[in-house]
Amino acid sequence: MIALACDHTGLALKQEIKNLLDSMGLTYKDFGNYENVADDYPIFGYRAAKAVASGECDRGILICGTGIGIGIAAGKVKGIRVCTCSDVYSAKLSKQHNNSNILTMGARVVGSELAKMIAYEWLTAEFQGGRHQNRIDMITRIENGEELE
Ligand code: RB5
């Protein structure tokens with residue numbers, strides 16, 4: 001189950017991502033916003049991030065104007081590793097090396113075709129584990145307030 005969310009800037013792109021997920025046979029839950037009224041991206045980023053952190057959803061795709069604000073908000077939730085991407089390579093590597101569990105994109109930055117390519121590569125990439133897991137464990141220690149050295 002994929003958590004989806006956007007602010008008012010991302011409604012059209014979120015629909016394009018739903019179309020992509022439908023074509024891939026992937027299920028999703030939409031955490032808003034649902035209408036074109038000015039709103040606050042942290043609300044939607046937080047809702048979706050909580051769903052991923054709790055296990056209700058296994059990953060998430062979030063959209064705001066730049067992808068940055070909603071990504072910063074989502075990344076404040078423990079256990080969330082956000083990648084904000086506007087290129088395919090970063091999206092793929094963010095899964096293979098960083099095991100990112102939330103992808104964010106900017107509706108004012110990327111066109112819908114590029115956004116769908118980015119999402120597709122991110123959704124189909126696999127975490128490589130090994131030395132990368134050690135580094136993620138270090139990130140988790142930072143999150144837990146532990147010293148690294
Ligand atoms: C809304 O104007 C805009 O600030 C928001 O969508 C996002 O880009 C913030 O990071």
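As a basis for the values below, the full set of heavy atoms in this structure was taken, side chains included, without hydrogen atoms, waters or symmetry mates. Remember, it's a predicted structure, so these values are computed and weren't measured experimentally. Numbering of ligands and ligand atoms starts at 1, following listing order.
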Shortest non-hydrogen separation from Ile70 to Cys64 and the atoms involved: N-SG, 3.6 Å

Can you find an N or O of Gly65 that's nearer than 3.5 Å to an N or O of ligand 1? yes

Dump the intermediate steps for side-chain hydrogen bond (donor to acceptor under 3.5 Å, both in side chains) on Asp7 and Thr9, then the final yes or no. CA-CA 5 Å; Asp7 72 357; Thr9 68; 2.6 Å; yes

Could you tell me if Lys50 sits above the aromatic ring of Tyr46, with its cationic atom closer than 6.0 Å to the ring centre and no more than 45 degrees from the axis? yes

Answer yes or no: is there a donor N or O on one side and an acceptor on the other, between the side chain of Arg47 and the main chain of Ala5, under 3.5 Å? no

Main chain of His132, side chain of Asn99: is a donor-acceptor contact present, judged purely on distance under 3.5 Å? no

Please report which non-hydrogen protein atom sits nearest to [atom], along with the residue it belongs to and the distance in Å to one decimal place.
atom                    : answer
atom 9 (C) of ligand 1  : Tyr41 CE2, 3.4 Å
atom 3 (C) of ligand 1  : Arg108 NH1, 4.0 Å
atom 10 (O) of ligand 1 : Gly69 N, 2.9 Å
atom 7 (C) of ligand 1  : Cys64 SG, 3.4 Å

Measuring from atom 8 (O) of ligand 1, which candidate in Thr9, Thr66, Ile70, Asp7 has the nearest non-hydrogen atom? Thr66

